[in-house]
Amino acid sequence: MKQNHGITLVSLVITIIVLIIITGIAIFAGTSTIKSTKIAGFMTELELIQEKVNTIYEKRKLNKEDINYYSSLGQNISIIDSSKLANLLNGVSEEGYYYFSKEDLKKLELDNISQEVIINFETRDVASINGILVEDKMCYRLIDFPSYRGQNVDYTNKNTKALTFDVEVTKLSNSWQIFIKNIINPNQVYGGTLSYKLDKDEEWIFLDEVNHFEVTKPRHI
């Protein structure tokens with residue numbers, strides 16, 4: 001009987017295909033691990049900064065620390081690009097926010113931090129300037145991270161200022177179309193919902209991602 005010696009062409013091709021698959025899996029796993037490590041490091045830095053800000057806030061409540069001193073260690077946020085700053089604040093007033101570079105953070109005894117942030121010591125808000133992409137979402141604050149279950153910051157009521165907005169009314173054939181425009185929120189909140197109710201009604205009607213509604217009777221809004 002004639003015996004075959006060596007590796008046949010078919011077995012060689014199969015071996016190469018298997019190696020390619022294994023290599024692909026290894027590269028994917030390596031890339032995923034690097035990305036996860038980067039995200040974890042980013043979150044750890046934000047947690048360290050948030051912890052420091054929380055400590056300053058609590059000491060200030062007991063009159064042990066002057067919050068103005070810590071604010072002076074940062075810089076005016078006007079040095080940040082206006083479009084980037086607007087994205088970070090998301091309609092919130094700039095009042096009370098300061099920019100902290102890596103060097104500025106060292107003054108807060110925060111060494112080896114690789115990012116720049118804005119900080120509001122009165123509301124304890126900490127936001128990274130550049131953020132990081134996680135699951136197709138840009139995350140700037142700890143609360144932006146999906147399913148984040150870390151330290152919580154107690155709610156501080158800063159909603160003492162009235163919203164301002166413009167109202168535009170368009171007459172249709174059998175109704176009036178009401179547009180709410182140029183909404184400015186000077187309070188320390190992030191996001192919200194737009195709702196309305198007619199005079200003497202009890203239930204509020206929420207507007208889902210739109211800024212207008214229609215009424216069929218000329219009543220007060």
Spacing of CG belonging to Leu89 relative to CG belonging to Asp125, to within rounding of 0.5 Å: 8.5 Å

Contact list for residues 106-121, test salt bridge (charged side-chain N to carboxylate O under 4.0 Å, His left out), sequence neighbours left out: Lys52-Glu109, Glu103-Lys106, Asp104-Lys107

Heavy atoms of other groups near Asn112 CG, more than 12 under 6.0 Å: no

Contacts of Phe179 that satisfy ring pair (Phe, Tyr, Trp, His ring centres under 6.0 Å) - sequence neighbours left out: His212

Heavy-atom side-chain contact between Tyr97 and Ile119 under 4.5 Å: no

Expected output: side-chain Asn87 to main-chain Ser83 donor-acceptor under 3.5 Å: no

Trace of the side chain to side chain contact (heavy atoms under 4.5 Å, CB included) decision for Gln115 with Phe42: CA-CA 8 Å; Gln115 55 188 297; Phe42 185 93; 3.4 Å; yes

NZ-CD distance between Lys171 and Gln177, expressed to the nearest 0.5 angstrom: 11.5 Å

Heavy-atom donor-acceptor pair, Gln50 side chain to Leu142 backbone, under 3.5 Å: no

Salt bridge (charged side-chain N to carboxylate O under 4.0 Å, His left out) between Arg124 and Glu51, intermediate numbers included: CA-CA 10 Å; Arg124 290 185 284 178; Glu51 214 169 275; over 6 Å; no

Heavy-atom side-chain proximity of Tyr98 to Gln75 below 4.5 angstrom: no

Heavy-atom side-chain proximity of Tyr99 to Val117 below 4.5 angstrom: no

Spacing of CG belonging to Leu88 relative to CD1 belonging to Ile118, to within rounding of 0.5 Å: 4.5 Å

Within 6.0 Å of NZ in Lys137, more than 12 heavy atoms from elsewhere: yes

Close side-chain approach of Lys84 and Ile129, heavy atoms under 4.5 Å: yes

Arg141 vs Val126 side-chain heavy atoms within contact, under 4.5 Å: no

pair Leu48-Leu46: side-chain heavy atoms closer than 4.5 Å: no

Spatial distance of atom CG (Asn120) from atom CD (Glu94) [nearest 0.5 Å]: 11.5 Å

Expected output: side-chain Ser175 to main-chain Leu172 donor-acceptor under 3.5 Å: no

Student check: side-chain heavy atoms of Ile132 and Met138 closer than 4.5 Å: no

4.5 Å side-chain heavy-atom contact, Leu108 and Phe100: yes

Pairwise distance CD(Glu45) to CG(Leu105) - rounded to 0.5 angstrom: 9.0 Å

Approximate separation, where rounding is to 0.5 Å, of Ile113 CD1 and Ser128 OG: 11.0 Å

Parallel, tilted or perpendicular: ring planes of Tyr70 versus Phe121, cut at 30 and 60 degrees: tilted

Trace of the side chain to side chain donor-acceptor pair (under 3.5 Å) decision for Asn54 with Glu58: CA-CA 6 Å; Asn54 290 350; Glu58 292 301 326; over 6 Å; no

Working for side chain to side chain contact (heavy atoms under 4.5 Å, CB included), residues Trp176 and Thr170: CA-CA 6 Å; Trp176 288 262; Thr170 301; over 6 Å; no

